[in-house]
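Reviewing the structure listed below.
Since the model is a prediction, treat every value here as computed from it, not as a measurement.
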Amino acid sequence: MKYTKQNFMMSVLGIIIYITDLIVDIWVSVRFFHEGQHVFSVLALSFMLFGTLVVQCFSYSWFKADLKKGGQESQHCFLLLHCLQGGIFIRYWFALKRGYHAAFKYDSNTSNFMEEQIDLHKEVIDRVTDLSMLRLFETYLEGCPQVILQLYVLLQRGQANFSQYAAIMVSCCAISWSTVDYQVALRKSLPDKKLLNGLCPKITYLFYKLFTLLSWMLSVVHLLFLNVKIALFLLLFLWLLGIIWAFKKNTQFCTSVGMEFLYRIVVGFILIFTFFNIKGQNTKCSVSCYYIVRVLGTLGILIVFWVCPISIFNPDYFIPITITVVLTLLLGILVLIIYYGTFHPNRREETRCDEIDGKPILRECRIRYFLME
């Protein structure tokens with residue numbers, strides 16, 4: 001378990017995407033305000049604040065838990081930084097500072113890879129893994145609603161300015177990056193998990209998530225044009241089902257009851273857009289049911305939209321968007337089957353344990369109780 005130079009560069013790229021996403025969201029919100037689109041401006045800003053506030057809550061909670069575990073008292077400066085929305089930045093600072101020493105100062109190829117160096121790499125991997133979990137939260141809480149909003153405005157107007165295109169592209173990049181980065185971090189931080197090695201598994205997993213997400217978000221935009229109240233009711237209903245599912249699975253991610261309740265609410269929100277294994281168990285039946293419902297829901301929205309055409313919807317976009325929804329859904333399901341049937345790490349033959357070392361000891365860390373895949 002080593003933190004490499006490639007991992008360090010991925011962490012640097014991660015904070016660049018995070019800052020870019022933040023700047024573009026603020027830019028779009030200000031642009032809407034100047035154009036007199038106050039409702040869209042408030043929505044864009046609300047999505048951003050909702051995501052970052054939830055992330056700051058979890059980040060500070062983890063800081064307190066780590067300090068308590070290390071026998072240290074909680075420091076008020078960390079609370080102040082998180083109140084000022086600086087939790088992610090301070091985490092990136094610690095991760096990059098220690099990560100630079102682990103990746104560049106120590107030569108991990110030498111034979112005398114001492115216990116101190118191993119502890120440093122373990123510390124950095126744990127820090128980066130925490131960031132991956134927080135970025136995954138922020139991406140789905142803020143990025144997905146932001147993309148839906150920008151697509152809705154774009155299709156309603158029939159045209160868009162550069163800031164809207166930038167917001168859509170950056171949000172899609174952030175969603176893609178955080179999803180793949182999380183999968184890599186998950187398997188790297190847990191010794192008993194097989195690594196997601198090679199480019200093909202990562203690309204396949206990326207397109208499976210991206211295609212299914214894009215198809216669903218465009219379907220939601222269709223429904224918003226049909227009736228905003230119906231669309232919001234559907235999303236709230238799916239959110240409630242996700243929360244109930246999290247309670248039914250009895251997730252045990254957080255140490256406090258309040259944070260566990262918040263975690264289940266967030267999990268329910270994420271399940272509106274994509275599937276994750278929230279308990280680390282066999283998901284063949286769950287993922288099948290999830291995407292069967294997704295296909296039926298998407299087809300139902302498209303049929304209703306064709307039966308009840310909306311005059312405010314630009315007809316030049318109607319057929320292309322419908323075709324895009326169907327194609328991305330079919331491609332997403334196809335890539336999902338390819339990923340789980342061919343590239344999923346658990347499909348590979350299990351390596352036999354060394355006679356002396358035996359099976360690796362399960363290492364206790366936060367991500368073991370987090371969303372799996």
Side-chain angles (χ1 to χ4, degrees), residues 3 7-29 44-67 74-103 123-147 167 170-186 188-189 253-254 256 259 262-263 265-267 269-270 276 365-367 370-371:
Y3 186 79
N7 297 140
F8 179 81
M9 297 309 297
M10 288 179 67
S11 298
V12 172
L13 184 58
I15 191 172
I16 291 173
I17 293 175
Y18 175 75
I19 294 174
T20 304
D21 189 27
L22 192 65
I23 292 173
V24 171
D25 288 341
I26 296 173
W27 178 26
V28 169
S29 180
L45 194 60
S46 299
F47 293 149
M48 183 182 68
L49 289 177
F50 174 60
T52 189
L53 284 173
V54 170
V55 166
Q56 301 302 322
C57 288
F58 279 103
S59 178
Y60 180 66
S61 174
W62 298 351
F63 262 124
K64 283 180 61 179
D66 290 342
L67 290 172
S74 178
Q75 299 182 17
H76 296 295
C77 62
F78 283 142
L79 176 59
L80 178 61
L81 283 169
H82 284 81
C83 289
L84 297 174
Q85 309 303 304
I88 293 290
F89 295 106
I90 193 65
R91 283 185 175 275
Y92 265 115
W93 165 254
F94 285 136
L96 293 177
K97 182 181 178 181
R98 299 291 286 170
Y100 178 79
H101 286 282
E123 176 194 344
V124 174
I125 289 172
D126 286 343
R127 290 185 183 276
V128 172
T129 301
D130 283 350
L131 276 169
S132 296
M133 290 189 285
L134 292 172
R135 288 289 289 118
L136 191 76
F137 271 159
E138 192 269 341
T139 293
Y140 284 96
L141 291 174
E142 182 268 331
C144 290
Q146 198 73 255
V147 172
V170 172
S171 293
C172 287
C173 287
I175 292 169
S176 305
W177 178 262
S178 64
T179 304
V180 175
D181 180 61
Y182 168 70
Q183 265 300 304
V184 174
L186 164 70
K188 193 174 184 68
S189 61
F253 178 65
C254 301
S256 68
M259 291 305 298
L262 178 61
Y263 171 73
I265 290 175
V266 174
V267 166
F269 190 88
I270 293 175
F276 275 103
C365 53
R366 260 187 293 271
I367 200 169
F370 196 64
L371 303 173

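From Met259, atom CE reaches atom NZ of Lys64 across 9.5 Å, with rounding to the nearest 0.5 Å. With values rounded to the nearest 0.5 angstrom, Glu142 atom CD is found 9.5 Å from Leu49 atom CG. Taken from CG in Leu96 to CZ in Arg91, the straight-line distance is 13.0 Å, to the nearest 0.5 Å. Here the CD1-CD distance, from Ile88 to Gln56, works out to 6.0 Å after rounding to the nearest 0.5 Å. To the nearest 0.5 angstrom, Ser59 atom OG is 8.0 Å from Leu131 atom CG. Distance CZ/Arg98 to CD/Glu123: 4.5 Å, rounded to 0.5 Å.
Here the side chains of Ile90 and Phe63 are in contact, with some heavy-atom distance below 4.5 Å. Contact check for Leu136 versus Tyr140: side-chain heavy atoms found under the 4.5 Å cut-off. Annotation: side chain of Val266 is in contact with side chain of Val54 (closest heavy-atom distance under 4.5 Å).
Side-chain atoms of Gln146 and Ser171 form no donor-acceptor pair, as typed in the model, at a separation below 3.5 Å.
Closest heavy-atom contact between Thr179 and Ile175: OG1-O, 2.6 Å. When all heavy atoms of Leu141 and Gly51 are compared, the closest pair comes out as CB-CA, 3.9 Å. Minimum heavy-atom separation, Phe276 to Ile270: CD1-CG2, 3.8 Å. The nearest pair of heavy atoms linking Phe8 to Ala103 is CB-CB, 4.2 Å.
Ring-plane geometry between Phe137 and Phe58 is classed as tilted, the angle between the planes lying from 30 to 60 degrees on a 0 to 90 degree scale.
Here the side chain of Ser132 pairs a donor or acceptor atom with the backbone of Val128 at under 3.5 angstrom.
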Donor-acceptor contacts, no H, no angles, side chain residues 12-27, under 3.5 Å, sequence neighbours left out:
residue : atom : partner : partner atom : Å
Thr20   : OG1  : Ile16   : O            : 2.7

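Take Ser178 and apply the side chain to side chain donor-acceptor pair (under 3.5 Å) test, not counting sequence neighbours, and it matches Thr139. Evaluation of the salt bridge (Lys or Arg N to Asp or Glu O under 4.0 Å) rule for Glu138 yields Arg135 as partners, not counting sequence neighbours.
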